[in-house]
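Some notes on the structure that comes next.
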Amino acid sequence: MATAGYESRKTITVLSIDGGGIRGIIPGTLLAFLESKLQELDGPQARIADYFDIVAGTSTGGLISTMLATPNKEGKPMFAAKDINNFYFEHLPKIFPQDSNSNFLSSMTNFIGELTGPKYDGKYLRTVINQQLGDVTLKETLTNVLIPAFDIKLLQPVVFSTNDAKENALKNARVADVCISTSAAPTFLPAHYFETKDAATGEIRSFDLIDGGVAANNPTLMAISHITKAVLKQTNKTMDSKQMLVLSLGTGEAKKEQKYNAATASQWGLLNWVYNNGKTPLLDVYGDASSDIVDFHVSTLFQCFGTQGNYLRIQEDSLTGDAASMDISTNENMQKLVEIGTNLLKEPVSRVDLETGRFQKIEGEGTNEEALLEFAKLLSEEHKLRSQINR
């Protein structure tokens, strides 16, 4: 679907995937289901990248996005959706190694280490991403990707996209560098520095980047804005929600666990806000706030135009214990996340209520599984229509 510009599309299809570390297994499970349904409709060769005009992802969502959209040597997607969780099960225990020695001295050593540097050195993450993605650059992706990061030198978000990379050589970064950058969660993984160069002019641009989740943990609204800008630039016309099909996948939240409260937090200083009893309150607050407020705004946008059926947000808000963590990579916890993703398919379609912070069942819209099946049909119909037009 990336062969033509957005301005030529009557319907633009968007996939967005939240950040959340190891919890990327949840959307990985949902995407495997969606791709299997597309294959039932259109054949075993069908891949997610064939059906979406733009795939946006933050942090772990950015990694998933590029896995789905980066070409292999045969020009096909490097990963099928069903392979995402296999990748996570193989590599996450080495990206986020768990300390098997739980004695008091080891715990204190680890705690002091986390106060003076990143919890993980990121070496294995950089190695495996570079091995998998090599020197492929953004302008080579099979469909348009959009991945946010945050430049701590400039104190501003940096948004990487295929479209921008095609227009500006200084934004045509290696996909591997973009993935490492958007995944560099403060306190967990080190910031990432890299440079790009315009071969024609010799100009160099440097990037000092951390996790895109501090700017847009849910990149759905960023993707819609990116599309709207591109269409306006090319046609001088605005878009409305009738022209978009948007699938937004969360990585789960722990709202019902109620990990924090005002009485306790009122006594916290800098240290407790950054690290509290093994938890990271500031990261939890920023991540969940970003994800929910974007969902609220996008839901409102589509409802105002009477096109709420064109926007599907799937999110789990009842994570507890290890499942709510970003980095507990035990086999038991990863299997639990697969189970959560599978069970989420059977849950009713829901939307966040900002008054309560809870996801509320939407009457008459069925289960997430039924909604994804309908979404797959719409994607398949659009794909076939485009194929006929391009003949």
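Because only heavy atoms are used, hydrogens play no part in the values below, and waters and symmetry mates are left out as well, while side chains stay in. Position 1 is the first residue of the sequence, and the numbers go up from there.
Between atom NZ of residue Lys259 and atom OG1 of residue Thr264 there is a gap of 14.0 Å, rounded to the nearest 0.5 Å. Between Glu203 atom CD and Lys197 atom NZ the span is 11.5 Å, to the nearest 0.5 Å. Distance CG/Leu378 to CG/Asn310: 8.0 Å, rounded to 0.5 Å. With values rounded to the nearest 0.5 angstrom, Asn218 atom CG is found 10.0 Å from Leu249 atom CG. Ser161 contributes atom OG, which lies 7.0 Å from atom CD1 of Ile54 (distance to the nearest 0.5 angstrom). Here the CG atom belonging to Leu92 is positioned 11.5 Å from the CG atom belonging to Asn331, to the nearest 0.5 angstrom.
Side-chain atoms of Glu35 come within 3.5 Å of backbone N or O of Ala81 as a donor-acceptor pair. Remark: side-chain polar atoms of Gln303 are not paired, donor with acceptor, to backbone N or O of Gln308 under 3.5 angstrom. One N or O on the side chain of Thr143 and one on the backbone of Phe52 form a donor-acceptor pair closer than 3.5 Å. No donor-acceptor pair closer than 3.5 Å links the side chain of Glu382 to the backbone N or O of Ile12. Checking side-chain atoms of Thr162 against main-chain N and O of Val145 turns up a donor-acceptor pair under 3.5 Å. The main-chain N or O of Ala46 is found under 3.5 Å from a side-chain atom of Gln39 such that the two form a donor-acceptor pair. Proximity of a side-chain donor or acceptor of Thr182 to a complementary backbone N or O of Gly62 within less than 3.5 Å is not detected. In terms of modelled atom types and a separation under 3.5 Å, the side chain of Ser183 and the main chain of Cys179 share a donor-acceptor contact. Looking only at distances, no side-chain donor or acceptor of Ser59 sits under 3.5 Å from a matching main-chain atom of Asp211. No donor-acceptor pair closer than 3.5 Å links the side chain of Ser380 to the backbone N or O of Ala376.
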Let's go through Leu385 and Thr11 carefully: what are the C-alpha distance in whole Å and the side-chain angles of both, what is the deciding distance for side chain to side chain contact (heavy atoms under 4.5 Å, CB included) to 0.1 Å, and is it a yes or a no? CA-CA 11 Å; Leu385 177 63; Thr11 300; over 6 Å; no
Begin from the C-alpha positions of Asp327 and Lys119 and carry the test salt bridge (Lys or Arg N to Asp or Glu O under 4.0 Å) through to its verdict. CA-CA 10 Å; Asp327 64 329; Lys119 188 174 183 179; 2.8 Å; yes
Check against side chain to side chain contact (heavy atoms under 4.5 Å, CB included), Tyr275 and Thr187: CA-CA 9 Å; Tyr275 186 94; Thr187 76; over 6 Å; no
Residue pair Thr367, Lys346: steps toward the side chain to side chain contact (heavy atoms under 4.5 Å, CB included) verdict: CA-CA 6 Å; Thr367 64; Lys346 306 299 182 183; 5.6 Å; no
Would you please test Ile26 and Ile314 for side chain to side chain contact (heavy atoms under 4.5 Å, CB included) and show each step? CA-CA 10 Å; Ile26 296 174; Ile314 303 180; over 6 Å; no
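In terms of hydrophobic clustering, with Ile, Leu, Val, Met, Phe, Trp and Tyr side chains grouped at heavy-atom distances under 4.5 Å, Val214 and Tyr193 are assigned to different clusters. Cluster membership for Ile328 and Ile95, using ILVMFWY side-chain heavy atoms within less than 4.5 angstrom, is not shared. The hydrophobic cluster containing Met222 does not contain Phe150, counting ILVMFWY residues as joined when their side-chain heavy atoms lie under 4.5 angstrom apart, directly or transitively. In terms of hydrophobic clustering, with Ile, Leu, Val, Met, Phe, Trp and Tyr side chains grouped at heavy-atom distances under 4.5 Å, Leu41 and Leu312 are assigned to different clusters. Clustering ILVMFWY residues whenever any of their side-chain heavy atoms sit less than 4.5 angstrom apart, transitively, puts Phe188 in the very cluster that holds Ile129.
More than 12 heavy-atom neighbours from other residues, nucleotides or ligands sit within 6.0 angstrom of CD on Gln156. In the displayed structure, Ile204 atom CD1 is contacted under 6.0 Å by more than 12 heavy atoms of other residues, nucleotides or ligands.
For the pair Ala169 and Asp198, the tightest heavy-atom approach, listed with the atom from each and the gap, is CB-CG, 3.8 Å. Residue Ala173 comes nearest to Val178 through the heavy atom pair CB-CG2, 3.8 Å, listed as atom of the first residue, atom of the second, then distance. Taking every heavy atom of both residues into account, Met78 and Pro71 meet most closely at CE-O, 3.4 Å. Closest approach of Ala165 to Leu138, counting heavy atoms only: CB-CB, 3.6 Å. The two residues Ser290 and Ala215 have their closest heavy-atom pair at OG-O, 4.3 Å. Minimum interatomic distance between Phe96 and Ser329 (heavy atoms only, all atoms of both residues): O-OG, 2.6 Å.
The salt bridge (charged side-chain N to carboxylate O under 4.0 Å, His left out) pairs that include a residue from residues 135-157 are Asp135-Arg174, where partners are two or more places apart or lie in different chains. Residue pairs meeting the side-chain hydrogen bond (donor to acceptor under 3.5 Å, both in side chains) criterion with at least one partner in residues 63-84, sequence neighbours excluded, do not occur; the list is empty.
In this structure, Asp288 has no salt bridge (Lys or Arg N to Asp or Glu O under 4.0 Å) partners at least two apart in sequence or on a different chain. In this structure, the side-chain contact (heavy atoms from CB on, under 4.5 Å) partners of Thr251, at least two apart in sequence or on a different chain, are Asp18, Arg23, Pro27, Thr60. Judged as a side-chain hydrogen bond (donor to acceptor under 3.5 Å, both in side chains), and not counting sequence neighbours, the contacts of Asp295 are Ser299, Tyr311.
Under the 30°/60° scheme for interplanar angles, the aromatic rings of His91 and Tyr124 are found to be tilted. Ring pair Phe207/Phe194 is parallel by interplanar angle, where below 30° counts as parallel and above 60° as perpendicular.
Between Ser16 and Val246, the closest side-chain pair of non-hydrogen atoms is not below 4.5 Å. Between Ile224 and Phe302, some side-chain heavy-atom pair lies under the 4.5 Å cut-off. Counting heavy atoms from C-beta outward, Pro148 and Pro157 have side chains that stay 4.5 Å or more apart. Side-chain contact check for Val159 versus His226: every heavy-atom pair is 4.5 Å or farther apart. Taking the side chain as every heavy atom from C-beta outward, Lys361 and Glu347 never approach each other to under 4.5 Å. The shortest side-chain heavy-atom distance between Asp292 and Lys255 falls under the 4.5 Å cut-off. Within the 4.5 Å cutoff, the side chain of Phe375 has heavy atoms near those of the Leu379 side chain. Looking at heavy atoms from C-beta onward, Phe79 lies out of side-chain contact with Ile64 at the 4.5 angstrom threshold.
Side chains of Asn333 and Thr330: no donor on one and acceptor on the other come within 3.5 Å. A donor-acceptor pair shorter than 3.5 Å cannot be found between the side chains of Thr58 and Asn217. Side chains of Asp42 and Tyr51: a donor-acceptor N/O pair is present below 3.5 angstrom, by distance only. Checked by atom type, the side-chain pair Asp53/Thr13 shows a donor-acceptor distance below 3.5 Å.
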Which atom pairs, one a donor and one an acceptor, fall under 3.5 Å between side chains of residues 334-345 and the rest of the protein, sequence neighbours left out?
unit_1: Thr342; atom_1: OG1; unit_2: Val338; atom_2: O; d: 2.9
unit_1: Asn343; atom_1: ND2; unit_2: Glu339; atom_2: O; d: 3.3

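In summary, Glu40 and Lys37 engage in a salt bridge, as defined by a charged side-chain N under 4.0 Å from a carboxylate O.
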